[in-house]
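Just passing along the structure, written as structure tokens.
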Protein chains: 2
Amino acid sequence: MPQRGRPRGFDREEALRRAMEVFWTQGYDNASLADLTRAMGINAPSLYATFGSKESLFQEAVALYVRTEGSGIWEQVETAPTARAAIEHVLNTTAEAFTRGPAPRGCMIVLAAPQMQGANPHICDALKAHRQANGCLLERRLKRAVEEGELPASTNCRAIANYYVTLQHGMSIQARDGASRETLLAIANCAMSGWNALTTQHG
Amino acid sequence: MPQRGRPRGFDREEALRRAMEVFWTQGYDNASLADLTRAMGINAPSLYATFGSKESLFQEAVALYVRTEGSGIWEQVETAPTARAAIEHVLNTTAEAFTRGPAPRGCMIVLAAPQMQGANPHICDALKAHRQANGCLLERRLKRAVEEGELPASTNCRAIANYYVTLQHGMSIQARDGASRETLLAIANCAMSGWNALTTQHG
DNA sequence: TCCTTTTTGTATCGATGACTACAAAATATC
DNA sequence: GATATTTTGTAGTCATCGATACAAAAAGGA
């Protein structure tokens, strides 16, 4: 017995995808209910009956973003043959993803609520947790590279992970400011050119 | 004949400084008139009589921020003996400024309106212009270093400038997420460790 | 003292924010 | 067809947004 009453007149996944694009472009606070319902093609009562609230809709949109847009950037960190290849892939894929078609420029996780305080601490905390998870992911990969002999034991894995994650966050600002794919790739290339110096000297 | 009527009951500079802190902490949209007037210790009519509007108050706050907080980071780019010293000073001073006392963490120019669209395009454009001015400043300094023989003629000055500015933007996100001064200094150190590789190979 | 000028506090404006009450509409079950 | 259940659109809730009208208060110039 899946559904009894009147069937829903719209596709939940499609509506969520539209909401994600609005949040991605405008941020959490700047995305009004009027903006959301217009983009989703539904009225406010349908939104609340389906997603609960603006905040929970945003959380679902974040989860969708991580699952679709973010996966291409981060999913191969574990499987890449070397830590160097993993990070190089992250940066190059970031440059590509941030300048892809009509999608908003830059990362939703970085740009959607950067004030880190205000009316919605849940929102800020969730985004911050996602950002820090990426740093931890890189750090773990670097530590594995040390264990596997790719990098020397003196490698400061946390510092290097923080460094590359910081650059990747900065690329969101550059992308939102209109940087081209070539510009972002050149930035990634600059960062990778220091790899040997970074992983051989001082801990 | 400086003043005729009832004298102003508050200090304009001090009130502007308070407003700057509110905008710096909360961003442009999230800073409500109630927040501003409470922090400035004045009522709304005094604010509008003195500063014109919320938008012009913000623009004055940005100018004050650049003049006070930002000057320590960027003012010595021209006067530093080498381009390397200039950039190293920018990054190290950034780490120090972003973790100084009770001030908000991270750069107001980066964090106050990152959505780059919405109700106030003037605000977004002004902040974007400030960000890009810093990139141009670094690029000019690097070109001068090429002319003076510090760097080879094959140096890709624009790419290197974009790279370091991007990292500096990312440090705002890290600072707002709670990164310590030591963490930010380690990030700056990682970026500088690639200097030789960055300035000797490929254009 | 009276008049002009400017600032002050109070109280409010219309617009918009997120959110919901309610009844008509549309389906499954009986 | 009758009833129960869920979704739909309309209209509206209260709170807050940025911005002001207005008159009392506080100063200088006559």
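Below, chains carry the letters A, B, ... as their sequence lines are ordered, and counting in each starts from 1. What you see is a predicted model, and the numbers here were worked out from it, not measured in a lab. Computed from heavy atoms alone, side chains included, the values below leave out hydrogens, waters and symmetry copies.
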Can you tell me how far P of C:dT6 sits from CZ of B:Arg12, to the nearest Å?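 The answer, rounded to whole Å, is 16 Å.
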C:dA18 P sits how many Å from A:Ile123 CD1, rounded?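 Distance check: A:Ile123 CD1 to C:dA18 P gives 12 Å.
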Would the distance check show the side chain of A:Thr50 and the main-chain N or O of A:Leu47 forming a donor-acceptor pair, the cut-off being under 3.5 Å?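 Checked: no pair found.
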Strictly under 4.0 angstrom, non-hydrogen atoms only: write out the protein contact profile of nucleotides 23-28 of chain D, one letter per nucleotide from the 5' end, B, S or -. --BBBB
Tell me: CG of A:Asp29 to P of C:dG17, nearest whole Å?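 Whole-Å distance recorded here is 12 Å.
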Got a donor-acceptor contact below 3.5 angstrom from the A:Ser172 side chain to the A:Cys107 backbone?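 Side chain of A:Ser172 to backbone of A:Cys107, a donor-acceptor pair under 3.5 Å: yes, one is there.
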Steps toward side-chain contact (heavy atoms from CB on, under 4.5 Å) verdict (A:His130, A:Tyr65): CA-CA 11 Å; A:His130 277 290; A:Tyr65 177 84; over 6 Å; no
Does the B:Ser56 side chain pair with the main chain of B:Phe51, one donor and one acceptor, at a distance under 3.5 Å?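 Yes; judged by distance alone, with no hydrogens or angles, the pair exists.
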If the threshold is 4.0 Å, N to carboxylate O, is there a salt bridge linking B:Glu21 and B:Arg18?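 No.
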Nucleotide C:dG17, atom P - distance to CG of B:Leu33 in whole Å: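 Interatomic distance, CG of B:Leu33 to P of C:dG17: 16 Å.
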Protein-nucleotide distance (B:Phe10, atom CZ; C:dG9, atom C1'), rounded to Å: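 Spelled out: CZ on B:Phe10 to C1' on C:dG9 is 13 Å.
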Between B:Arg181 (side chain only) and B:Thr99 (backbone N and O only), is there a donor and an acceptor less than 3.5 Å apart?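 Such a contact is found between B:Arg181 side chain and B:Thr99 backbone.
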Name every residue in residues 34-55 of chain A that has at least one heavy atom under 4.0 Å from any atom of DNA chain D, in order of residue number, or write none if there are no such residues.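 Nucleic-acid contacts, sorted: A:Asn43, A:Pro45, A:Ser46.
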Could you tell me the separation between the CG atom of A:Asp11 and the P atom of D:dT7, rounded to a whole number of Å?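 After rounding, the gap between these two atoms is 15 Å.
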Checking the side chain of A:Trp195 only, and the main-chain atoms of B:Gly194 only, is there a donor and an acceptor separated by less than 3.5 Å?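 Checked: no pair found.
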Flag this pair as yes if the NZ/CZ of A:Lys54 is under 6.0 angstrom from the six-membered ring centre of A:Tyr28 and inside a 45 degree cone about the axis; otherwise no.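 Output yes; distance and angle both within limits.
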Under the 3.5 angstrom rule, does the side chain of A:Asp125 hit a backbone N or O of A:His122 as a donor-acceptor pair?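 No: the side chain of A:Asp125 does not pair with the backbone of A:His122.
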Mind calculating the distance between CZ (A:Phe58) and C1' (C:dA18) to the nearest angstrom?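 Value for this atom pair: 16 Å.
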Can you tell me how far P of C:dT16 sits from CG of A:Asn30, to the nearest Å?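 These atoms are roughly 15 Å apart.
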